[in-house]
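To start, the structure under review is shown below, and the notes come after it.
Read the numbers this way: they start at 1 and go in the same order the structure lists the ligands and their atoms. These values consider heavy atoms only, across backbone and side chains, with no hydrogens, waters or symmetry-generated copies.
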Amino acid sequence: MSKQFDVVVIGGGPGGYIAAIRAAQLGFSTACIDEWKNAKNGPAPGGTCTNVGCIPSKALLQSSEHFEHAGHAFAEHGINVKGLELNLGQMLARKDGVVKQNNEGILYLFKKNKVTFFHGRGSFVKGDAGGYEIKVAGATEETISAKHIVLATGSNARELPGAPFDEKLILSNTGALAIDAVPAKLGVIGAGVIGLEMGSVWRRLGAEVSVLEALPTFLGAVDEQIAKEASKLFTKQGLKVSLGVKIGTITTGKNDVTVEYVDATGAAQKAVYDKLIISIGRTPNTIGLNGDAVGLKLDERGFIAVDDDCKTNLPNVWAVGDVVRGPMLAHKAEEEGVAVAERIAGQHGHVNFNTIPWVIYTSPEIAWVGKTEQQLKADGVAYKAGTFPFLANGRARALGDTSGMVKFLADAKTDEILGVHIVGPMASELISEAVVAMEFRASAEDIARICHAHPSLSEATKEAALAVDKRSLNF
Ligand code: FAD
Ligand code: NAI
């Protein structure tokens, strides 16, 4: 007789492990299956985000920012650093340590919440009574059954045809987080979130970074004014971004990679790099689920097809996170995981796609929520815009980081906030105020009338809200 659970979650990334914890909190007997292995073949729950995504990238972004500041920014504060040296081995080991703490934290949370954890691959098998069971293939093999199954199998880096990842010269995010010596010349294909974040890390550590992007516009999903400002700042930092390129042949030598491409003017180019990161998006991961055997429906792009409630075509089978439509973000996966567990319990799960924040952890950070100005124009929405530069913010001046701005977009008639866009210091933290405001359908005037601590970066948010009605006080 197979082990029985109320809820079995396949995948222990942010979507899966959070769904499992919430299901257990709601009183369901819950299991979570995850196959990720650490260097010692032990369990490493947390998925892409914890192991080769959000967490290690932010650890390296922090370390590399310290290195850059020690080299360039401290002198202005009257701190002279002599004999500055990079110990890349220690930096990478610290990053691995941060990942391990997170893996262990999730195992602890499973224990605390009485979630049964299985280390191995979960796949569908047809059950005796015509339903389906889940086979877990790990160190041992067993079959378990559940009243509800939540699929949270995540995504994988997309390969460029003809240039498979070898993680030595041609790197996905996995290899990009573990380069053991700073490359003199680093090529990056794709000026998206990973390209800019990983490009920033290695540039700060001393690499000459060239980013090749197919689209003619820089950060097309970002508000144009913000993207323009960010582009200016990145160029000043030395990040070279070529837009409108068409990638041709990629060949690897013993210690280098050659990329042939056509640039925006139509001229043929050839560039040789020590390492090449390919970051051109991610594909949903359904490998090994054996969904075909039970008729699990995928959409035309390979995502598990779900409705607005994250229900798949199979009864009592749900799917969340990167493996379903919508932004590939950890917090989106988590919100869907919570919502599904609550729907299983007969409650109303809540995920508002209009208020999911985006952050690019470059320096300065870029963060936004809601509509961009170009989207409002395209939708024919009448709006008012207000901006406030960090240059006019006292705290930013004290920090020594005055780049960027906060931008508010509000409905011309009702003043409801439609979008908030930030490029500047701590944008990732500042955007939360805008998310809360939009979730409560606040107006720009609401933010303008709220007392913000002085001196703080958040005053720039208040001032941008005031600027919507042309009454900012400090600019
Ligand atoms: P995943 O995290 O991919 O987890 C899926 C898990 O399921 C994995 O552990 C996998 O091994 C397991 N699995 C798959 N199939 C099976 C199976 N059949 N049986 C058992 N286990 C299985 N997002 C942010 O919001 N902020 C960031 O700063 C950020 N930074 C990122 C940086 C990088 C370099 C990358 C690559 C991504 C980043 N992301 C970030 C995106 C984020 O990592 C994903 O959106 C998030 O991990 C999706 O969560 P998930 O639970 O859907 O899937
Ligand atoms: P992305 O979608 O952000 O960017 C991919 C870029 O590659 C795009 O600009 C695209 O136009 C370009 N591109 C596609 N094909 C190309 C080609 N053949 N030649 C040249 N350029 C090409 O994808 P990325 O950076 O791989 O990241 C994947 C996802 O991971 C992100 O979309 C995001 O959801 C998530 N992520 C989130 C982070 C965060 O929240 N801070 C950090 C890193 C990743």
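- Under 4.0 angstrom from ligand 1, there are no non-hydrogen atoms of Met198.
- Set against the non-hydrogen atoms of Ser279, the atoms of ligand 2 under 4.0 Å away are 5 (C), 6 (C), 7 (O), 25 (O), 26 (O).
- In terms of protein heavy-atom proximity, atom 7 (O) of ligand 1 is nearest to Gly11 CA, 3.2 Å.
- Listed by atom number, the atoms of ligand 1 under 4.0 Å from Gly154 heavy atoms are 1 (P), 3 (O), 5 (C), 52 (O), 53 (O).
- Here Ser155 has backbone heavy atoms under 4.0 Å from ligand 1, and that is the only part of it that gets that close.
- Here Val193 has heavy atoms under 4.0 Å from ligand 2 in both its backbone and its side chain.
- Within the listing of ligand 2, atoms 11 (O) sit less than 4.0 angstrom from a heavy atom of Leu215.
- Within the listing of ligand 1, atoms 1 (P), 2 (O), 3 (O), 4 (O), 36 (C), 43 (O), 47 (O) sit less than 4.0 angstrom from a heavy atom of Thr48.
- Atom 8 (C) of ligand 1 has as its closest protein heavy atom Asp34 OD1, 3.4 Å.
- Only backbone heavy atoms of Ala152 (N, CA, C or O) come within less than 4.0 Å of ligand 1; its side chain stays farther off.
- In terms of protein heavy-atom proximity, atom 33 (C) of ligand 2 is nearest to Met328 O, 3.5 Å.
- Ranking protein heavy atoms by distance to atom 11 (O) of ligand 1, first place goes to Trp36 CE3, 3.5 Å.
- With a 4.0 Å heavy-atom cut-off, ligand 1 is reached by no atom of Asn51.
- For atom 23 (N) of ligand 1, the closest heavy atom belonging to the protein is Ala330 N, 3.4 Å.
- In Ile194, the parts holding a heavy atom less than 4.0 Å from any atom of ligand 2 are both the side chain and the backbone.
- Residue His331 places at least one N or O, backbone or side chain, under 3.5 Å from an N or O of ligand 1.
- Of all atoms in ligand 1, numbered sequentially from 1 with element shown, those under 4.0 Å from a heavy atom of Leu329 are 23 (N), 25 (O), 45 (O).
- With hydrogens left out, the protein atom closest to atom 39 (C) of ligand 2 is Val359 O, 3.4 Å, a heavy atom.
- Within the set Pro357, Gly321, Pro14, the minimum heavy-atom distance to atom 49 (O) of ligand 1 is found for Pro14.
- Between Asp274 and Lys185 no salt bridge is recorded (no basic side-chain N to carboxylate O distance below 4.0 Å).
- Looking at Asn173 against ligand 2, nothing comes within 4.0 Å, counting heavy atoms.
- Among Gly288, Gly122, Gly120, the residue whose heavy atom lies nearest to atom 18 (N) of ligand 1 is Gly122.
- Contact analysis leaves Val193 out of contact with ligand 1, as no non-hydrogen atom separation drops below 4.0 angstrom.
- Across the listed options Ala367, Gly192, Ala330, Cys54, Gly192 owns the non-hydrogen atom lying nearest to atom 4 (O) of ligand 2.
- Scanning the protein heavy atoms around atom 30 (O) of ligand 2, the nearest turns out to be Arg282 CD, 3.8 Å.
- Gly281 N, 2.8 Å is the protein heavy atom nearest to atom 26 (O) of ligand 2.
- Taking 4.0 Å as the cut-off, Pro327 does not count as a neighbour of ligand 2 on heavy-atom distance.
- For atom 15 (N) of ligand 1, the nearest protein heavy atom (residue, atom name, distance) is Thr153 CG2, 3.3 Å.
- Of the protein's heavy atoms, Glu213 OE2, 3.5 Å lies nearest to atom 10 (C) of ligand 2.
- Comparing heavy-atom distances from atom 43 (O) of ligand 1 across Ala333, Cys49, Gly53 singles out Cys49 as nearest.
- The CG atom of Leu109 sits 12.5 Å away from the CZ atom of Phe117 when rounded to the nearest 0.5 Å.
- Counting heavy atoms under 4.0 Å from ligand 1, residue Lys332 does not touch it at all.
- The shortest N/O to N/O separation between Glu197 and ligand 2 falls below 3.5 Å.
- The nearest protein atom to atom 40 (C) of ligand 1, hydrogens excluded, is given as Cys54 SG, 3.3 Å; this is a heavy-atom distance.
- Of the heavy atoms in Ile194, only side-chain atoms (C-beta onward) come closer than 4.0 Å to ligand 1.
- Between Val359, Asp322, Val136, it is Asp322 that holds the heavy atom closest to atom 46 (C) of ligand 1.
- The nearest non-hydrogen atom to atom 16 (C) of ligand 1, considering only Glu336, Glu35, Met328, comes from Glu35.
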